[in-house]
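Chain naming here is simple, since letters A, B, ... match the order of the sequence lines and numbering starts at 1 in each.
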Number of protein chains: 2
Amino acid sequence: MKTRDRILQSSLQLFNQSGERAISTNHIAAELAISPGNLYYHFRNKADIVYELFLAYQQQVDYYLAAPGSQPLVLADLAWYLEAVFDGLWQYRFFHRDLESLLDADPRLRAGYGDFTGRCLSAINGIFSQLASGGIITPRPEPLRSAMALNVWLVITNWMAYLKTAHATEEPAVLSLAELKQGIYQVLTLELPHVTPEYREPVLALRETYRPGTFCQAAHPST
Amino acid sequence: MKTRDRILQSSLQLFNQSGERAISTNHIAAELAISPGNLYYHFRNKADIVYELFLAYQQQVDYYLAAPGSQPLVLADLAWYLEAVFDGLWQYRFFHRDLESLLDADPRLRAGYGDFTGRCLSAINGIFSQLASGGIITPRPEPLRSAMALNVWLVITNWMAYLKTAHATEEPAVLSLAELKQGIYQVLTLELPHVTPEYREPVLALRETYRPGTFCQAAHPST
DNA sequence: CCATTATTAGAGTATATACTCTAGTGAGTC
DNA sequence: GACTCACTAGAGTATATACTCTAATAATGG
C-alpha cells in the first residue's frame, strides 16, 4: 500500500478515535513510523488530509444516497437507505465533531460541505417522495416535506454527539456501530406520524429492530 | 465588576465568537488587559473556566425549563418555552461546538452534562404531557413520548451547527439570535403531526412566525 | 499605623504544534 | 555506470499553549 494511502487510512482511524483536534501530524507520522517530513511530502498540510477524507466521505454517501429515480420505494429500501447513511457516518465519524473548526480552517471544505448538505437534503426529500409513491408515507406538500427532511438530517448528524456526550458512562466515550445505528430508531420515530395506516405495523416492527436496549449492551468499538 | 467575573464574561464572549478551541487563556488575559498570572490566580486552569460557564448555562436552562407542574399548558406557554431554550442556547452557544472535547478534558463536566441532558429530556417530556392536558397535542404512550422528546432535543442542539456549517455563506460563519430562533420552526414542524385538529391552525400560525426568510436577511450578530 | 490577606504584573518554563530544509536512498533507464 | 526522480529520514524552526513563580502592590481590619 502506498504511503499516501496509509497516511489517509491512519489519519482517519486516529481522527475517529480521538478527534481531529487531539491528533497532530506528528502523531500520524509516529503511528505509521514515518518521518514528519515524509508526511509533508505527500500532503501540504493537515487541512489537505482532512479535505481528502471529506471527499471520500462525500463520495460514499453520495453513492448510497443516489436519487431513487422515480420508481416507488418499498419498506426494505427505507431500511437500506438508513443503514447506508449510518454506515457512512460511522466510517467518517470524526467529521461531524467540531465540523465548524474544520470548515473555518479550509474554505474549499466549507464550500464542498455546503453543497454536500444540499444534496443530502434533496436526497432525503426525494426518498420521502418515492416512499409516498410506494404508499408507505402519506404525501406532504412541499414546504413541509423539506422541513421534515431537514429534521431527519439534524437527528442523523447529531445522534452520535448525543451518544458520546449525554449517554456516555465511560471516560473517553467509546461507541460501537450497533449503538450508532440506534439512531435509526429515532429517525423512524420521526417518520412514524407520516406513515400510512396500512404500513404502520411493518414500520413499527422495523423500528423495534433498532430499539436501544435497556439491558446491558456489551458492545465494543471496532475501527 | 470583579476580575473573576470579568474573566468569565470575556471568556464566554470570546468562546462564543471563535470557539473554545481557538481561544487560549493568553487571549482571554490579553482581551481584559490583565496578566496571565492574574487569570491563573482566579482560575486553576482553562477547564475550570469552561466548567463555571457550564454551571451558569445549566442554571439558566434549568430555571426556564422548570417542570410545568401539573397545570395544563396553553399555546403561549409552548412558545415561551421554546424561546427560553433558544435564548439559553444562544447565550452559551460555544458550548455545543465540540462538546465532546470539553467533556474529555473534564470528568466533572461529563458527569454534570449527563445529568443536565437527563433533566432537559424529562422537562421536554413533561411539557408534552401538559400540552396534552391542555388539549394542544394528542397524548402519546410513554416509550414514544420519550423518543419524541429526544428528537426535539437533537433538533434543538444541532440547529446551530447546521446554520454555521451547511447554511453559512460568509467565511467565519456569523449568526444572529433571530436566525437561531428559526430553529423553533423546525421544532414546531416536528410537533405538528401530534397537534390536535382544533389547535392545528394556531400552531401553524405560530410556526409561521419563525419561518426562515428566503428574502434577504440583514441580521447581524450581537454579543 | 501595622499586619495580614487579596490581588496583580510580568517574566519565564516545558511542551506541543504545524511545518521546513537538507541530505540522502533506492529503483528504474539510457 | 551515470542520471533521474519519486520517496524518505531526521534534525530543526518559529510560534503557541497552558501554566508557574516571584515579587510587588492594593485593600482591609484591628
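Taking side-chain N and O atoms only, Lys2(A) has no distance below 4.0 Å to OP1 or OP2 of dA6(D).
Checked for salt-bridge contact, Glu191(A) and Arg207(A) miss the test: no charged N lies under 4.0 Å from a carboxylate O. A salt bridge links Glu83(A) with Lys181(A): the closest approach of a Lys/Arg side-chain nitrogen to an acidic carboxylate oxygen falls below 4.0 angstrom. In summary, Arg108(A) and Asp48(A) engage in a salt bridge, as defined by a charged side-chain N under 4.0 Å from a carboxylate O.
Nucleotides of DNA chain D nearest to Ile23(B) and Gly37(A) differ in position, and the one nearer the 5' end is that of Gly37(A). The residue among Arg44(B) and Ser35(A) whose nearest nucleotide of DNA chain D lies closer to the 5′ end is Ser35(A). Both Asn38(A) and Ala22(A) sit near DNA chain C, but only Ala22(A) has its closest nucleotide nearer the 5' end.
Residue-level contact check: Ile34(A) touches the backbone only, with heavy atoms under 4.0 Å from sugar-phosphate atoms and none from bases. If you check every strand for non-hydrogen atoms under 4.0 Å, Ala47(A) touches nothing.
In this structure, His96(B) and Tyr113(B) have perpendicular ring planes: the angle between them is above 60°, well past the 30° mark.
Look at OH on Tyr41(B): it is 13 Å from C1' on dT25(D), rounded to the nearest Å. As a whole-Å value, the separation of Asn26(A) CG from dG10(D) C1' is 12 Å.
Between chain B and DNA chain C, the heavy-atom contact criterion of under 4.0 Å yields a 5' to 3' nucleotide range of dA6(C) to dG10(C).
The shortest side-chain heavy-atom distance between Tyr210(A) and Val187(A) does not fall under the 4.5 Å cut-off. Here the side chains of Arg97(A) and Leu99(B) are not in contact, with every heavy-atom distance at 4.5 Å or above.
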